Amino acid sequence: MLTPFTQRALNIIRNIPEGKVLTYGRAAALAGKPRGARQISRFLHSMSEKHDLPWHRIINSKGKISLKQSHGYELQKALLESEGIKFSKSDTIDLKLYLAFDL
DNA sequence: CCACTGACTACTT
DNA sequence: CAAGTAGCCAGTG
C-alpha cells in the first residue's frame with residue numbers, strides 16, 4: 001500500500017513535460033512533502049518500469065545527475081539530451097531553463 | 001514494531 | 001567550491 005504522498009509524487013513525475021526536468025525536492029514538495037526527496041528516488045528505483053515513469057527527468061537540487069558513471073549516469077544524460085536538454089561544461093543542467101512547474 | 005537503507009537537501013567547515 | 005554532518009521519511013525485512 002502506498003501513501004497519498006507517494007501516489008501524488010508518481011502522478012507528478014508522470015506529468016513532467018518532455019524537455020523539462022524536476023528535482024527530487026521539488027517533486028516531493030509538489031506532492032506535499034518538502035522533505036520527502038529521498039522517497040522520490042525510491043519510487044523511481046522500484047517502479048520506474050512498471051509505471052512508465054520518466055525517471056531520467058529527475059535530477060538533484062544542484063541540477064546534476066545523481067547516478068554513478070557506470071550505473072546509468074550516461075544513459076540518463078543521453079535521454080535528457082535527446083529531449084533537447086543541454087548540459088553545461090560540468091554536466092550541469094540549468095534549472096532556471098528546464099525546471100518544470102516552476103514558472 | 002524496530003532497525004536499516006537510500007538516484008536527497010540544507011547547513012557547516 | 002568540496003567534503004562532512006544531521007535531518008528527513010517511506011519502503012522493506
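In this text the structure is predicted, and so the values were computed from the model without any measurement. Proteins come first, then strands; the chains are lettered A, B, ... in the order of their sequence lines, and each starts at number 1.
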Between A:Thr6 and A:Met47, is a side-chain contact (heavy atoms from CB on, under 4.5 Å) present by the stated rule, with each step listed? CA-CA 11 Å; A:Thr6 304; A:Met47 9 202 230; 4.1 Å; yes
Applying side-chain contact (heavy atoms from CB on, under 4.5 Å) to A:Asp94 and A:Leu99, what does each step give before you reach the verdict? CA-CA 8 Å; A:Asp94 187 339; A:Leu99 189 60; over 6 Å; no
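Here the side chain of A:Ser41 pairs no donor or acceptor atom with the backbone of A:Gln39 at under 3.5 angstrom. Using modelled atom types, no side-chain atom of A:Asn11 and backbone atom of A:Gln7 make a donor-acceptor pair closer than 3.5 Å. Formation of a donor-acceptor pair under 3.5 Å by the A:Gln76 side chain with backbone atoms of A:Ile58 is found in this model.
Applying the salt bridge (charged side-chain N to carboxylate O under 4.0 Å, His left out) definition to pairs two or more places apart or across chains, those involving residues 72-85 of chain A are A:Arg57-A:Glu83, A:Lys77-A:Asp91.
Computed from coordinates, the A:Gln39 CD to B:dT5 P distance equals 16 Å when rounded to whole Å. Straight-line distance from the NE2 atom of A:His45 to the C1' atom of B:dA7: 6 Å, rounded to whole Å. Separating the CG atom of A:Leu53 from the C1' atom of B:dA7 is a distance of 13 Å, rounded to the nearest angstrom. Note: CD (A:Gln7) to P (C:dA10) measures 13 Å, nearest angstrom.
Between A:Gly36 and A:Ala28, the shortest heavy-atom distance links the atoms C-CB, 3.5 Å. Annotation for A:Tyr98 and A:Gly19: closest pair CD2-O, 3.5 Å, computed over non-hydrogen atoms.
The shortest side-chain heavy-atom distance between A:Ile93 and A:Ile85 falls under the 4.5 Å cut-off.
Within 6.0 Å of CZ on A:Arg35 lie no more than 12 heavy atoms contributed by other residues, nucleotides or ligands.
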Under 3.5 Å, N/O pairs linking protein and nucleotides 11-13 of chain C:
from   : atom 1 : to      : atom 2 : distance (Å)
C:dG11 : OP1    : A:Thr6  : OG1    : 3.3
C:dG11 : O4'    : A:Arg42 : NE     : 3.3
C:dG11 : O4'    : A:Arg42 : NH2    : 3.3

What does the list of N/O pairs under 3.5 Å between the protein and nucleotides 1-5 of chain C look like, with a distance for each?
none

Donor-acceptor contacts under 3.5 Å from residues 64-72 of chain A side chains, at least two apart:
from    : atom 1 : to      : atom 2 : distance (Å)
A:Ser66 : OG     : A:Asn60 : ND2    : 3.2

Give the B/S/- string for nucleotides 8-13 of chain B, one per nucleotide from 5' to 3', where a protein heavy atom under 4.0 Å of the base yields B, of only the sugar-phosphate yields S, and otherwise -. BSS---
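For the atom pair NE2 (A:His56) and CG (A:Leu75), the distance works out to 9.0 Å, reported to the nearest 0.5 Å. The distance from atom CG of A:Leu53 to atom CZ of A:Arg14, rounded to the nearest 0.5 Å, is 6.0 Å.
Non-hydrogen atoms lying under 4.0 Å from DNA chain C are contributed by nothing in residues 76-89 of chain A.
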